[in-house]
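Here is the structure we will look at.
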Amino acid sequence: MREKYFPKEIEAKWQQHWADNHTFEVKPDDSRQKFYCLEMLPYPSGRIHMGHVRNYSIGDALAWYKRMRGFNVLHPMGWDAFGLPAENAAIDNNAQPETWTLNNIDHMRAQLKKMGIGYDWTREIASCLPDYYKWNQWFFIKMFERGLLYKKRSLVNWCPECNTVLANEQAEGGVCWRHTSTAVIQKELDQWFIRLTNYAQELLDGTYELEGGWPERVLTMQRDWIGRSEGARVNFKVKDSDAVITIFTTRIDTIYGANAIVLAPEHILIETLMEDSPLHDKVIEFATRLKNEDKIERTSADAKKEGIYTGRVAINPFNGAKLPIWIANFILMEYGTGAIMSVPGHDQRDFDFSTEYGLPIQQVIAPLDENGEPAVFGEMKEAFTGSGVLVNSAEWDGLPWPIANEKMTAFALSQKFGEGTVHYRIRDWGISRQRYWGTPIPIVYCDHCGIMTVPEDQLPVELPKNVVITGKGGSPLAQVPEFVNTTCLKCNRPARRETDTMDTFVDSSWYYFRYCDPKNDKAPFDKSKTDYWLPVDQYIGGIEHAVLHLIYTRFWSKMMRDLGLCDFNEPIHRLLTQGMVCMYADKVGRVVKMSKSLGNVIDPDDMISAFGADTTRLFALFAAPPEKDLDWNEKGVEGGFRFLARAYRLVWKWHAQMPQAKQTAAQSSELTPAQRKLQRKTHQTIKRITENFEDRMHFNTMISALMELVNEAYDFDTQLGDKAPCGTTVAIMREALESLALMLAPFAPHAAEEMWEGLGHQGGILSGALWPTFDADLARDDELEIPVQVNGKLRSRVRVSADVDEESLKQAAFADEKVKAATAGKEVVKIIVVPKKLINIVVKG
RNA sequence: GCGAAAGUGGCGAAAUUGGUAUACGCACCAGACUUAGGAUCUGGCGGGGAAACCCGUGGGGGUUCGAGUCCCCCCUUUCGCACCA
C-alpha cells in the first residue's frame, strides 16, 4: 500500500492479480449454490459507451456480492457480432465485415478489462464465428423437422435503410427499430418464419409466472404485444351466392346491432363477390387503390374512414337481417379474419364509418338507470362502449354482457354458423434477412427434389469470405456462385443454397446457454452443464428489448424444452431494466440520452484515464437507482473520487497498526461512547447494505451508507487527536475499516482489494467468502431521540434509553418544557405511542 | 384517445409496512492549514422571522392522532400501445 491513492497503479495491479489467479473463472460445483449473473451481450460497434459501463457495473456489483456470500457465480461476456453495421462499415471503409467486427471485439474486450469487470473470459463467445452459428443452423434444422419453421410468400416489413426485411417486433409502430425515423414499407417476399404463434398462450401465461421477478412494465408490454382476445367467429351467408364470409368479433352480443359487413381491401372473397357485378370495375379499382396506399398511413388511427359498397348483401344468421357488404380502409387483413360486422352503436370506428356513409345506427346495449331499468338513448352521438344489458335483440333482451356473450356464442355453435375462438395479435417470426453478415440458412433447393435441410454432419454451412458488399440489390450471397451452387443431397443434381441469412435475434436467443459450455463441438451445450447454471438468476439490460429479444428468448427456451434440451419454462428468473445514461445537450437545451449526434457524450476511456475505473463505476452506481435514468455530471464524478481517496487515506493512516490489533473488541458495555458509536455504525451499515442487496438493489443508497460509515470513522479519528490509541480503539477501527473495504468491493473492487491488503490480508478478497456479518445487538441504538408531537405537530424531542417502556416514555415527554407549554391548560384526549419511533399527544381546548 | 410510471432544496437524489421530510453527494458560503490551491480539514446550507414560531414534498379536496407515502379530482412530464374488431 502506498500513501496516496493512485487508481491507475492499483487497478493495473489487481487486474493482473485476478487474471493470474483465475479469480473469475468458474466450474459447476454441486457442493455450492450457483448464481448466474448475466448482462445483455453487446454489439461490437467499436467502443464501449456509458450505457455499457452502467450495465456492467450493476452486474459486477451483484456478482461480487454473491461471490462474497459464497455463491458459485457465473458471470460471462460475449459479442452479438453479426449485424448490419459491420456491412455498412465494409461499404464505407472497404473493409471486410469479419475483420471490422473482430477488431472491434479486441478493442472492446480490452476496454472491459481496463474497467476491471469480473468476467470469466474463458467462456467468451462471438456469434459471428462458425463454432457458434453452426448451432443456429442446428436449431433451424430441429425446428424445421418439428414443423416450427415454414416458408411463405407474404407481405413483410422492409426497411429501406437496412435494405432488408424486419420482423414485426422490429418494426413496431411502422418504423425500423434501428432507424427510428425511417418508415417501414411493405414488400411481398418469400420468407422463412418461425411459429412463434404456437407458443402465444404459453408466452402469455409465463408473464404471470414472472411477476415479482420482472418489471411489471415489461410484462405489460409483452402481454399487449401477445394481444390475446377472446371472441367468436361468425359465418354470414352471402345472398344469392354460395359464398360465406367469416367475421371475428369480441362482442357477438351486439350482433343485432350490426348494420353492415366490412371487408379488408385484401380480402380474398372480393373477386368472387364482384363476379358479373356491374360495380365490378369500380370496386376492384377502389380495393386496388387502398392496397397500394401506404399501409402505415392507411391504417393509422386518424386516417379518415373510407369505404365502398359492393352491391352484395349478407344475411345475419341470428335474425336474417340483410346487411350490405362494404370494403373499407380501416379493416386489417392480418387481424382476425379480415372481415368484421359493423356495430355502430357500440364501436366508435363503426360509428364513424356509418355516420360517414349514412348507415343506420341502432342501440343494442343499454346501461341500467337508477331504477335498474335499461336506458335507451334517443339519437346516439357516439358509440356506447360501457356495460349494460341487451335491448332490441329479440329473445336475448335483458341479458347482461358477459352472459349474453357466452350464451350467444353457444347458440352460434349449436346452429353451426359460428364458434368461440381466441385470437392473438402476435405473429410468426420472420427470420430471413437479405444481408450478408449473418448466419447462413442451412437450406438447399433442388428443382427435382424440392426444399431440404443440410444434414447435421455437414454443418456449419460457412459464410463465404471476401464477398463484395454493395448494400444494394438483394442478398449479397446470391452473388457468390461458389456458395450458391451445390448439389442436391438426394439426387446429386445441381442445386442452389438459400442465400438469405438469419435475423441476428436468433443468435441472442440462446447465447447464455452457450456460455455454460462454450467450446462444445458435439452439441449446442451439454445439458448437465446448463442444468447446473440455468435459469439465469439475474439478467440486466435496457428496456428497449422488452418485446424483441426478451420475447424471442422466452420462446426459444420453451422450444428447447420441447426438444428435451432443458427442463424449465422460463429461462430468466429476475430482470432488471436499467435506465439510460443522460447528459445535458446544448443542441436541445436539456438533459437527454447521450448520443453522438447531440454531442453530449462522455467517453468511458477518458473517465478512466482521469479518475480510474473504480470512480467511474462507483459514480455510475451512485448517481441514481439502477432502473432510473442517470444524469451524468462530472462534478459528481469528482465527489466519487474524493470518497475513494478519503477512505483510502483513512486506511493508510491506520494500516500499520492493524497486524497488532486485537481480533475482537471488548464487550460493548465496556466501550467508551465514541467507540460504541463507531461500532454501532459499522454494524448498522453492514445490515443496511446486506438487506439492500437482497431485496432492492439500490446501489446509490448502499454507497451513501458507506460514505456515512467513512464520515463516522473520520469523526472518531479526529476526536482521538494525537493520542496513541488503546487496543480497544484499534480493534473498533479495524472492524470499521475491514467492513468498509469488504463492502466497497462490489462497487470499487480495485480500491477495495488494495485497502483489504493494506489492512493486513493476503490473497485477495475473493480467496474466501468474506462478506461481513452484522450483530443485531451491536447495531441497535442504546439511546433514542423520540420526537414528541402535540396534535400531530412536532414540538420537541426526548432522549430515552432504547428499551424504555411506554409509561416512562410518556413521563419523559410530559416532563419536556416545550411539551408542557403546548399542552398547558388543555385536556389530553389520547396519547399515541409508536414504539421506538414517536409519541403523539392529542389535546382538546 | 387508452394504459402505466413519475413530479421532493440551486442540482443528482433519500425517506423499505402511513410515524422526526430533505440522508448521501454536488454546487454554494464562512473559517483553518498553506507561497499557492481546482488538495485537505472544520462549520453552515428549504422559505419566512429578531425570536417564539409559522409555512413547506406539482395544485385542490378527503381519510387519519398523524400523509411525500392511502383515496378522489386536476395539472405537467416521461414511457408504452394506438382503426387489433
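Per chain, numbering begins at 1; letters A, B, ... match sequence-line order.
Searching all strands for a Watson-Crick or G-U wobble partner of rA14(B) with both distances below 3.5 Å returns nothing. Base pairing of rG1(B): its partner is rC81(B), meeting the Watson-Crick or G-U wobble criterion (both donor-acceptor distances under 3.5 Å).
Taking 4.0 angstrom as the limit, Asn711(A) places a side-chain polar atom (N or O) nearer than this to OP1 or OP2 of rG25(B). Regarding contacts with the backbone of rA14(B), every side-chain N or O of Arg696(A) stays at 4.0 angstrom or more from both OP1 and OP2. Side-chain nitrogen and oxygen atoms of Lys793(A) include at least one within less than 4.0 Å of the OP1 or OP2 phosphate oxygen of rC55(B). Taking 4.0 angstrom as the limit, Arg646(A) places none of its side-chain polar atoms (N or O) nearer than this to OP1 or OP2 of rA39(B). In terms of phosphate contacts, Lys305(A) brings no side-chain nitrogen or oxygen within less than 4.0 Å of OP1 or OP2 of rC83(B). Note on Arg688(A): every side-chain N or O is 4.0 Å or more away from OP1 and OP2 of rA23(B).
One can place CG of Asn259(A) at 18 Å from P of rA85(B), the figure rounded to the nearest angstrom. Atom-to-atom, CG of Leu550(A) to P of rG80(B) comes out at 15 Å; the value is rounded to the nearest Å.
Asp781(A) has no carboxylate O lying under 4.0 Å from a charged side-chain N of Lys836(A), or vice versa, which leaves the two without a salt bridge.
Residue-level contact check: Ile543(A) touches neither bases nor backbone, having no heavy atom under 4.0 Å from any strand.
The backbone N or O of Met583(A) lies less than 3.5 Å from a partner atom in the side chain of Asn600(A), making a donor-acceptor pair.
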